[in-house]
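Some notes on the structure that comes next.
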Amino acid sequence: LTSHRFSQELSKRVQDHLLESIQPPGVDGDKWQLCAEEGKMKMYTRELIRDGIICDPLKAIHKIEKVTAREVCHNFWLSDVRKEWEGSVEEFRVLEKLDDSTVIIYQSHKRIWPSAPRDCLYLSSILKIDNPPPTANGHEAHDTWMVCNFSVDHAEANPVPGCVRATIEVALICQTYITSPDDRSDAIRDHITCDIVYVASINPGGLAPASFLRPFQKREYAKFLRTFTTYVQDKTKDKDVSF
Ligand SMILES: O=S(=O)(CCO)c1ccc(-c2ccc(C3CCCC3)c([C@@H]3C[C@@H]3c3ccccn3)c2)cc1
């Protein structure tokens, strides 16, 4: 397994996400506040201000049926389909492919009045987790996949002029579990469910009005989770299941 210059940092972040992020809120004693609920999706946040900038971490727990952890993570990680579900991104470039499951991305986001437009430069890696822990909803996991996105530097960013650099630390942790075939249908897709934990800390980089940013990001996270999960269910519904 060849390594790359970010291998060490990546595996450290993956370990941290497996220790902390996968924990359901309330277990890890952190002061997560439930901030939104939509169907089976629950969003929690904590108030965090760094150098006067709002960096509230978000933890979303979700569950979607008839898709596998691999299908959800693959559609989240694949650059070619990013524009099909990511509505807030304007420019999107793959700067470097570090290996078959790790790329470095530059992306700019649509400007949100009255703030300056933001861009992000981050490493994105997809990996299957061996010996899966139980899911956040306490189910026995059939398998566990993760996408880990975190900000890095890169010489060829060639940023869109006028953008303020936002920094991100994101993980999408997905676990498939098999429900008992009680409804007699022999289609395996009817018997799988995916438990999802999405954690994101976005530092907007420059001053953005607190009164505006908090509700805006909350709305954006809910919209992003709804759009993305619907996209994966639509895309996979007529396909063979891929674990
Ligand atoms: O999960 S990912 O890795 C998926 C890859 O795209 C990821 C998610 C979101 C961002 C992000 C970074 C910065 C900002 C800026 C704009 C002004 C202030 C924050 C935003 C804007 C707000 C909208 C947004 C927020 C949350 C979720 C989706 N949208 C989003 C980046 C990566």
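Because only heavy atoms are used, hydrogens play no part in the values below, and waters and symmetry mates are left out as well, while side chains stay in. Throughout, residue positions are numbered sequentially from 1 according to the sequence presented. Order of appearance sets the numbers: ligands from 1, and atoms from 1 within every ligand.
Near I112, the atoms of ligand 1 lying under 4.0 angstrom from a non-hydrogen atom of the residue are 16 (C), 17 (C). Shown in contact with R82 at under 4.0 Å from a heavy atom are these atoms of ligand 1, numbered in order with element: 5 (C). Less than 4.0 angstrom separates some heavy atom of Y122 from each of these atoms of ligand 1: 5 (C), 6 (O). Listed by atom number, the atoms of ligand 1 under 4.0 Å from Q217 heavy atoms are 19 (C). Which parts of ligand 1 touch C120 is read off a 4.0 Å heavy-atom cut-off, strictly below it: atoms 12 (C). Here is the list of ligand 1 atoms found below 4.0 Å of a heavy atom in L213: 18 (C). Residue I168 has at least one heavy-atom neighbour below 4.0 Å for each of these atoms of ligand 1: 3 (O), 31 (C), 32 (C).
Atom 13 (C) of ligand 1 has I202 CG2, 3.7 Å as its closest protein atom, hydrogens excluded (heavy atom only). Here the protein heavy atom with the shortest distance to atom 22 (C) of ligand 1 is F216 CE2, 3.2 Å. Nearest protein heavy-atom neighbour of atom 25 (C) of ligand 1: E220 CB, 3.6 Å. Atom 11 (C) of ligand 1 has H109 CE1, 3.3 Å as its closest protein atom, hydrogens excluded (heavy atom only). Of the protein's non-hydrogen atoms, Y198 OH, 2.7 Å is the one closest to atom 1 (O) of ligand 1. The protein non-hydrogen atom at the shortest distance from atom 3 (O) of ligand 1 is N149 ND2, 2.9 Å.
Using the six-membered ring where Trp is involved, F224 and W85 have ring planes that are tilted, between 30° and 60° apart.
Here the closest heavy-atom approach between residue D119 and residue P159 is recorded as OD2-CB, 3.6 Å.
With no hydrogens or angles considered, a side-chain donor-acceptor pair links E96 and H154 at under 3.5 Å. A donor-acceptor pair shorter than 3.5 Å cannot be found between the side chains of N203 and S201. Residues Q107 and Y122 have side chains that bring a donor and an acceptor to within less than 3.5 angstrom of each other.
Looking at I105, N149, L10 one by one, the single match for side-chain contact (heavy atoms from CB on, under 4.5 Å) with L123 turns out to be L10. The residue from M146, H17, Q175 that alone fulfils the side-chain contact (heavy atoms from CB on, under 4.5 Å) condition with I22 is Q175.
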Legend entry - Stepwise side-chain contact (heavy atoms from CB on, under 4.5 Å) check, V81 with Y231: CA-CA 10 Å; V81 301; Y231 168 77; 3.3 Å; yes
Inset, instruction - Using the side-chain contact (heavy atoms from CB on, under 4.5 Å) rule, take K63 and I196 through it: C-alpha gap first, then chi angles, then the decisive distance, then the call. - result: CA-CA 6 Å; K63 167 204 301 283; I196 297 174; over 6 Å; no
Inset, instruction - Please assess S21 against Q23 for the test side-chain hydrogen bond (donor to acceptor under 3.5 Å, both in side chains), listing each intermediate value before the final yes or no. - result: CA-CA 5 Å; S21 305; Q23 295 291 337; over 6 Å; no
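Ring centers of H62 and Y198: at least 6.0 Å apart, outside the cut-off.
When only interatomic distances are considered, the shortest N/O to N/O separation between Y221 and ligand 1 does not fall below 3.5 Å. The distance criterion of under 3.5 Å between nitrogen or oxygen atoms is met by Q107 with respect to ligand 1.
The closest non-hydrogen atom to atom 6 (O) of ligand 1, taken over K110, R118, E86, comes from E86.
Ligand 1 does not have A200 within reach: every non-hydrogen atom of the residue lies 4.0 Å or more from it.
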